[in-house]
Asker: 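Mind having a look at this structure? Questions to follow.
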Amino acid sequence: MPADSAPVLVTFPDGTTDVVPPGTCCGDALARWRPSEAPGFLAAFLDGTPVDLSRPIGSAGRLSPITFRDRAGQAILHHSCAHLVAKAIVELVPDARPTVGPATTEGFHYDFDMRPLTPDDLPKLAESMSATVRSGERFERLEVAKEDALRMVSSNPYKAGYIAEVGAGEPVSFYRTGTFVDLCRGPHVPHAGWLKGIHILGFSAVTLGGVPEGTPLQRVRGVGFPTREELDTYLKMRKEAEARDHRVLGQKLELFTFVDSAPGFPIWLPRGMIVERELESFVREHLHASHYSEVRTPLMFAQSVFETSGHWEHYRADMFLTEIEGRSFGWKPMNCPGAMLVFGSRARSYRELPLRLAEFAPLHRLEASGTIHGMTRVREFVQDDAHLFVTEEQIEEEVTNLLAWVREAFTTFRLGWSYELSTRPTQFLGEVETWDRAEAILERTLKGSGVEYRVSPGEGAFYGPKIDIHLRDSMGRPWQTGTIQLDYQMPRRFRLEYQGPDGQLHTPTVIHRTILGSVERFLGVLLEHVNGRLPPWLSPEQVRVLPVGERHENAANDLVAELETHGIRAESSGSQETLGKRVRAAEVERVPYIAVLGDTEVAGGSVALRVRGQKAQEILSSTDFVARVREKVRTRSFDP
RNA sequence: GCCGCUGUAGCUCAGUCGGUAGAGCGGCUGAUUUGUAAUCAGCAGGUCGGGAGUUCGAUUCUCCCCAGCGGCUCCA
């Protein structure tokens, strides 16, 4: 009996086994194992490799199902959606040349070399895709020899390029959906009927490989779900996320604004300024406890300072430059040069180390016009910045303390964050050995602190490796906030020295670090995270006092005065409007505490308290109320 | 910076097939004195993003610029 006609032993994830006829496909084998769940299987792992359900099982092996609940399943479904988009595009624009269409974290995109898309194309694409979904056409795998594959894509140099990367002698796979055939590794969902929840989110031009002068490709972005209902749920969530946009909230809550004549330069409004100052106070409290000193250095320096720091060579393109009496000056994009000058302002002893210099100065960076984005990407911003001058032996302890502060700070805001270790870039200062040593220290510290982190090779600053902290906004876009960077170069370039216990002069190492990062960006992300409902300690207005009627207005004013003497930001809202309307206004304006005063309260020296977001009221004495608000603010409670 | 789209009152938006614009919210005034998410009425508010062109006439059509939005790239 030939080997390929012998029954095959299949092992399932629960350890059970089955013997199936040769040539049985993965889908059928899985259906025999779990008949009731089989309709949810969209692909399979065969010996750990993702494959189509239609893949025949060649020899004994482990088989497990993939569903949309699995990360891998989502990627497979999303990628299948990308094929549907490509099919629709090619039908609409026959000379469009598809390039790549990967699944992404949220959905998928597909890039095409074609004429620019317009909004009018979208309904046509949607109609075409839904016709394919209705047809339920199968995703059919074709395996061909490399030479044949190259012939099949002769009109598409992009695809030919991908095939060229396939090893000699290896077969190349294509997938056919109806009349559309696309080069693809697979696997795919069994048929187009799986893609009822496909939706195009938008399109845009992208430059191939990030090369600005390259041919722009048209990128179609989308999401996909197995059912229409799941898509609707997603779109609803997305709409809610859009409503939490910090640019909208910032304007509604009168925190900040922008004008056309200062693109990328935020205007902090009075209420926003309160939040900004509270954030700074939060940081300063920590700085004080952790033995930092605060300094303030010039916003501008002559070119020579930036030549010394290395910015002139490595960062000039992103700096605002100006000329003063014929001399070239630059607006500082970072605080480090100033910190170096402070350290160098007199002779230093090893007894002063670690010397921790904090600075909250405004920084200016000439960000490209297409990149500025609300408060999260601006041209002028303030960081909770500091430079720690240390001996090499002190680095690890300082970085460990910083990681602890990261944890404390972000936990206060109930924000989730992630770490990224960025290593030596192609353009760098100093010696490779120094970089290796610095990278090793950071890695050791991260491991020692027991945190998860991702490594980004080549993404370090030009003067040293760094640990970056990332947050995500309401739309899931990642933003870098904090950063901890090691620097052996700048102190040397500024000829900084301290006298060691050995009587010799040594060059200190510097740790550049900011935890919240830019206060602007941080507030932007935070606003989206809390949907504008800032914790009481950060709220510009902490208490709104509402007199029920005219005769309660004096009592309301007295309560506001009482709150203010305790440092609580309170305002009363007169009685011209109905109580319902004023309650609504306070809720819409995200005031954490609403205190209503009517006959009962005035008579009893109490307030009817409505906590933001909670319909239920509570009657308590005004003394207790004041104490409660004070306590929530003092402890920086997240919830009111 | 690149590609596409958008730009009408403080905000959200309608409208003008080319004949200089309207609503709701907000603001102001008045009436109402209200018990927990929108009381009623009146009034004010716009060189329709800026500039040029076509036209008897441009907010509307064309071009240029500016800004915003979505991506790309880059970054705190």
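Everything numeric in this text was worked out from a predicted model, so none of it was measured. Quick note on labels: first sequence line is chain A, next is B, and so on, each numbered from 1. The basis for the numbers below is simple: all heavy atoms, side chains too, and nothing from hydrogens, waters or symmetry mates.
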Asker: How is A:Thr600 classified with respect to the nucleic acid when contacts are heavy atoms under 4.0 Å: base, sugar-phosphate, or nothing?
Answerer: base
Asker: Look at all strands and tell whether A:Glu577 reaches a base, only sugar-phosphate, or nothing, counting heavy atoms closer than 4.0 Å.
Answerer: base
Asker: Describe the nucleic acid contact of A:Asp599 in one word from base, sugar-phosphate, nothing, applying a heavy-atom distance below 4.0 Å.
Answerer: base
Asker: Quick one: sort the A:Phe306 and A:Phe301 rings into parallel, tilted or perpendicular, breaks at 30° and 60°.
Answerer: perpendicular
Asker: Return the nucleotide paired to B:rU16: Watson-Crick means purine N1 to pyrimidine N3 with N6-O4 or O6-N4, wobble means G-U with N1-O2 and O6-N3, both under 3.5 Å.
Answerer: none
Asker: Where does the angle between the aromatic ring planes of A:Phe522 and A:Phe413 fall among parallel (under 30°), tilted (30 to 60°) and perpendicular (over 60°)?
Answerer: perpendicular
Asker: Suppose we define a pair by two distances each less than 3.5 Å, Watson-Crick or G-U wobble; what does B:rC69 pair with here?
Answerer: B:rG4
Asker: When rounded to the nearest Å, what value does the distance between C1' atoms of B:rA58 and B:rC48 take?
Answerer: 11 Å
Asker: Remember a base hit wins even if backbone is also touched, and classify A:Val378 as base, sugar-phosphate or nothing at under 4.0 Å, heavy atoms.
Answerer: base
Asker: Across all strands shown, which nucleotide pairs with B:rC40 by Watson-Crick or G-U wobble geometry, both distances under 3.5 Å?
Answerer: B:rG30
Asker: Report which part of the nucleic acid A:Glu550 touches: base, sugar-phosphate, or nothing (heavy-atom distance under 4.0 Å, all strands).
Answerer: base
Asker: Reckon A:Gln383 touches a base, only the sugar-phosphate, or nothing at all at heavy-atom distances under 4.0 Å?
Answerer: sugar-phosphate
Asker: Across the strands shown, which category fits A:Lys615 at heavy-atom distances under 4.0 angstrom: base, sugar-phosphate, nothing?
Answerer: sugar-phosphate
Asker: Once the angle between the rings of A:Phe320 and A:His364 is folded into 0 to 90°, is it parallel (under 30°), tilted (30 to 60°) or perpendicular (over 60°)?
Answerer: perpendicular
Asker: Contact class for A:Glu254 (heavy atom, under 4.0 Å): base, sugar-phosphate, or nothing?
Answerer: nothing
Asker: Determine the contact category for A:Ala608: base if any of its heavy atoms lies under 4.0 Å from a base atom, sugar-phosphate if only primed atoms, P, OP1 or OP2 are that close, otherwise nothing.
Answerer: base
Asker: Please list, in numerical order, the residues of residues 403-414 of chain A that have a heavy atom closer than 4.0 Å to any atom of RNA chain B.
Answerer: none
Asker: Considering only atom C1', compute the distance from B:rG18 to B:rC56 and round it to an integer number of Å.
Answerer: 12 Å
Asker: With P as the reference atom in both, quote the distance from B:rC25 to B:rU62 in angstrom, rounded to an integer.
Answerer: 35 Å
Asker: With P as the reference atom in both, quote the distance from B:rG42 to B:rG10 in angstrom, rounded to an integer.
Answerer: 22 Å
Asker: Measuring only the P atom in each nucleotide, how far is B:rG70 from B:rU60? A whole number of Å is fine.
Answerer: 26 Å
Asker: With sugar-phosphate meaning primed atoms plus P, OP1 and OP2, does A:Arg365 contact a base, only sugar-phosphate, or nothing at under 4.0 Å between heavy atoms?
Answerer: base
Asker: Quote, to the nearest angstrom, the P distance that separates B:rC5 from B:rU29.
Answerer: 46 Å
Asker: Is the backbone N or O of A:Trp479 less than 3.5 Å from a side-chain atom of A:Arg377, with the two atoms forming a donor-acceptor pair by type?
Answerer: no
Asker: If only side-chain N and O atoms of A:His373 are considered, is one of them under 4.0 Å from the OP1 or OP2 phosphate oxygen of B:rG70?
Answerer: yes
Asker: Are any of the side-chain nitrogens in A:Glu278 or A:Arg569 under 4.0 Å away from the carboxylate oxygens of its partner?
Answerer: yes
Asker: Could you work out the separation of B:rC17 and B:rC61 based on their P atoms and round it to a whole Å?
Answerer: 11 Å
Asker: Using the benzene-type ring in the case of Trp, are the ring centres of A:Tyr110 and A:Phe108 under 6.0 Å apart?
Answerer: no
Asker: Which part of the nucleic acid does A:Thr481 contact within heavy-atom distance under 4.0 Å: base, sugar-phosphate only, or nothing?
Answerer: sugar-phosphate
Asker: Between B:rU20 and B:rC3, how many Å separate the two C1' atoms, rounded to a whole number?
Answerer: 35 Å
Asker: Taking CG from A:Asp245 and C1' from B:rG68, how many angstroms apart are they, rounded to a whole number?
Answerer: 12 Å
Asker: Can you tell me which residue pairs pass the salt bridge (charged side-chain N to carboxylate O under 4.0 Å, His left out) test with a partner in residues 589-603 of chain A, sequence neighbours excluded?
Answerer: A:Arg544-A:Glu589, A:Arg551-A:Asp599
Asker: Looking at the side chain of A:Glu601, which of B:rC3, B:rC72, B:rG35 is the nearest nucleotide?
Answerer: B:rG35
Asker: Is A:Trp479 stacked against the base of B:rA76, taking the criterion as centroid distance under 5.5 angstrom and interplanar angle under 30°?
Answerer: no
Asker: Answer yes or no: does a side-chain N or O of A:Arg219 lie under 4.0 Å from OP1 or OP2 of B:rC2?
Answerer: no
